[in-house]
Every structure is written in C-alpha cells, then in structure tokens.
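What follows is a short report on a single structure.
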Amino acid sequence: MRKKIVAGNWKMNKDLAETQALISDLKKSLPATDAEVKIAPTFTSLYAAFQALKDSPIEVVAQNMHQEANGAYTGEISASMIKSVGVNSVILGHSERRAYFGEDDALLAKKVDTAIENEMEVIFCFGEELDDRKSGNHFKLVESQLKNALFHLKADAWKNIILAYEPVWAIGTGETASPEQAQEMHEFIRKTIAENYNQDLADSISILYGGSVKPANAEEIFSKPDVDGGLIGGASLKAEDFIGIVKAI
Ligand code: PEP
C-alpha cells in the first residue's frame with residue numbers, strides 16, 4: 001500500500017525562533033495518524049528543526065538543493081550538507097524555483113540524480129500554468145515535465161520519489177483544483193508511470209496534490225482514490241490549520 005503524506009512547505013517564512021515555536025505547537029497537537037507528516041523549514045533552521053523533532057514522527061525536508069557535490073557555487077547548498085544536519089529529504093521542482101530561479105526540466109533531472117545518488121527522498125513538484133489548462137494542454141505539459149526530469153530513472157530509484165502535482169494557477173491563489181480535476185490528473189499521472197514502467201510501480205507511488213489546500217477543502221480532495229495526500233504552502237504556517245489538514249487524511 002502506498003504511503004499517505006502531508007507535507008508543509010514553509011517557503012521563505014519563519015526565522016529560527018518562529019520555527020521552534022511552530023514546531024513546538026505542532027508536536028503538542030499532532031494527532032495519531034498513519035500518514036507521514038513532514039515540514040520543510042528554511043535552510044537556516046533545518047538543523048534546529050531536526051533536533052527539535054528527533055523524538056517526533058514529524059520529518060524534516062529541505063526546500064531545494066544544488067546538483068553538484070561541492071565547489072564554487074556561492075550561496076548554494078549540497079546534498080551532503082543537508083544530510084549532515086540529519087535531513088534526508090528534499091523538495092525539487094517547485095513552481096517558484098522554476099519561475100523565479102530559472103530551474104528547467106534538464107536542471108531538475110540533474111538535481112534528482114544527485115538526490116538519488118545520495119539516497120535522499122525527493123518530493124518532486126510539477127504542474128501546469130493557467131494558460132496550459134485553458135488551452136487544454138495540461139496533460140501533455142505534465143507528461144513532458146515527468147518525462148524530461150524523471151523517466152530516465154531506473155525503476156528501483158522510484159522508491160525514493162514522491163510526486164506533488166501542483167497546478168501553478170492554484171498555488172497561493174486561494175483557487176483550488178476541484179477534487180475531480182485533481183483526481184483526473186493524478187489518474188493520468190499514474191497511467192503515464194505505468195506506461196513508462198509498470199503498473200505495480202505506478203501503484204506504489206504517492207502522488208500529493210498541492211494548491212491552496214486548507215482544512216475546509218482537504219478532506220474532499222484527499223478522498224479521491226489517486227490523491228495520496230498534500231503539499232501545503234500557506235496553510236502549513238499555522239499549527240491549527242496544518243493539523244486540521246493532517247486530521248483530514
Ligand atoms: C506550495 O507552494 O507548494 C503550495 C501548495 O502553496 P499553497 O498551499 O499556499 O497554495
């Protein structure tokens with residue numbers, strides 16, 4: 001059975017003290033759940049977050065990573081640096097990295113390879129812009145994002161991959177894909193993986209939905225058969241909201 005997952009992407013929010021305060025609130029109110037619960041604080045708080053969550057089932061994830069092992073890449077962070085603070089999981093391909101930092105499929109394929117070589121878990125984000133959806137190009141676009149960044153992987157590497165379908169038009173906009181739109185795309189993604197690998201592998205991959213998930217809409221979205229949880233932005237910054245979403249899974 002594939003894993004259910006709720007992951008919070010804190011983006012460039014929360015300094016060290018705020019990170020510690022939010023973690024403390026999350027620890028206090030985390031319900032018993034079969035789902036994996038993860039948070040992705042900013043780099044400067046990763047070590048403290050990992051230490052604070054050592055005795056908790058909540059896992060810590062990095063928000064980005066450079067593709068090279070080390071070298072003259074001012075301001076960048078490598079896989080081994082992330083691992084050295086206890087963190088073994090990384091978000092790659094977030095639409096904000098693609099839009100504001102020029103990350104394209106070819107670069108993301110390299111980052112994914114680096115993460116896999118370092119035996120890290122990858123939460124790989126992808127999804128169409130509004131224009132793609134309006135023009136009916138969204139399935140083709142999503143298929144090409146997967147093909148270009150992930151389908152070179154050997155089947156075995158997929159045990160480290162979690163997918164996060166995040167339609168760009170629904171991220172931080174308050175506009176959510178309908179549960180039916182999410183299910184339709186998740187089913188398509190699973191079918192595409194089955195065609196390129198096999199059905200067993202496709203059935204084993206957790207596919208999260210991301211885009212304005214809130215306590216009020218989480219349950220309906222998570223009830224869809226191919227939606228295995230959520231990647232949560234804005235609503236992961238308040239313990240009450242994030243826990244509300246965890247309870248919905
Ligand atoms: C995200 O950025 O991954 C995201 C889903 O954001 P939000 O929940 O705020 O739409």
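For ligands, and for the atoms within them, numbers begin at 1 and follow the listed sequence.
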Out of Tyr73, Phe101, Phe43, which residue meets the ring pair (Phe, Tyr, Trp, His ring centres under 6.0 Å) rule with His66?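 So, applying the ring pair (Phe, Tyr, Trp, His ring centres under 6.0 Å) to His66 and each of Tyr73, Phe101, Phe43, only Tyr73 qualifies.
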
Output yes when a side-chain donor or acceptor of Asn198 lies under 3.5 Å from a complementary backbone atom of Asp200, and no otherwise.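 Such a contact is found between Asn198 side chain and Asp200 backbone.
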
Verify the distance criterion only: is there a donor paired with an acceptor across the side chains of Lys147 and Asn196 at less than 3.5 Å?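 Note: Lys147 and Asn196 side chains miss the donor-acceptor criterion.
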
Identify, by atom number and element, the atoms of ligand 1 in contact range of [X], meaning under 4.0 Å from any of its heavy atoms.
X: Gly172; result: 7 (P), 9 (O), 10 (O)
X: Gly211; result: 5 (C), 10 (O)
X: Leu231; result: 3 (O), 5 (C)

Check ion pair Glu103-Arg98 (N to O, under 4.0 angstrom):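 Looking at Glu103 and Arg98, the cut-off is not met.
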
Please state which protein non-hydrogen atom is closest to atom 1 (C) of ligand 1 and give its distance, to 0.1 Å?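 The protein heavy atom lying closest is His94 NE2, 3.2 Å.
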
Heavy-atom nearest neighbour in the protein, as seen from atom 8 (O) of ligand 1, with distance rounded to 0.1 Å: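 Looking at atom 8 (O) of ligand 1, the protein heavy atom closest to it is Gly233 N, 2.8 Å.
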
Once rounded to the nearest 0.5 Å, what's the spacing between atom OG1 of Thr192 and atom CD of Glu143?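 Atom-to-atom, Thr192:OG1 and Glu143:CD are 5.0 Å apart.
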
Give the contacting part of Ala170 toward ligand 1: side chain, backbone, both or neither, where contact means a heavy-atom distance below 4.0 Å.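 The part of Ala170 near ligand 1 is the backbone, not the side chain.
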
For Val213, is at least one N or O under 3.5 Å away from an N or O on ligand 1?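 No, no N or O pair falls under 3.5 Å.
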
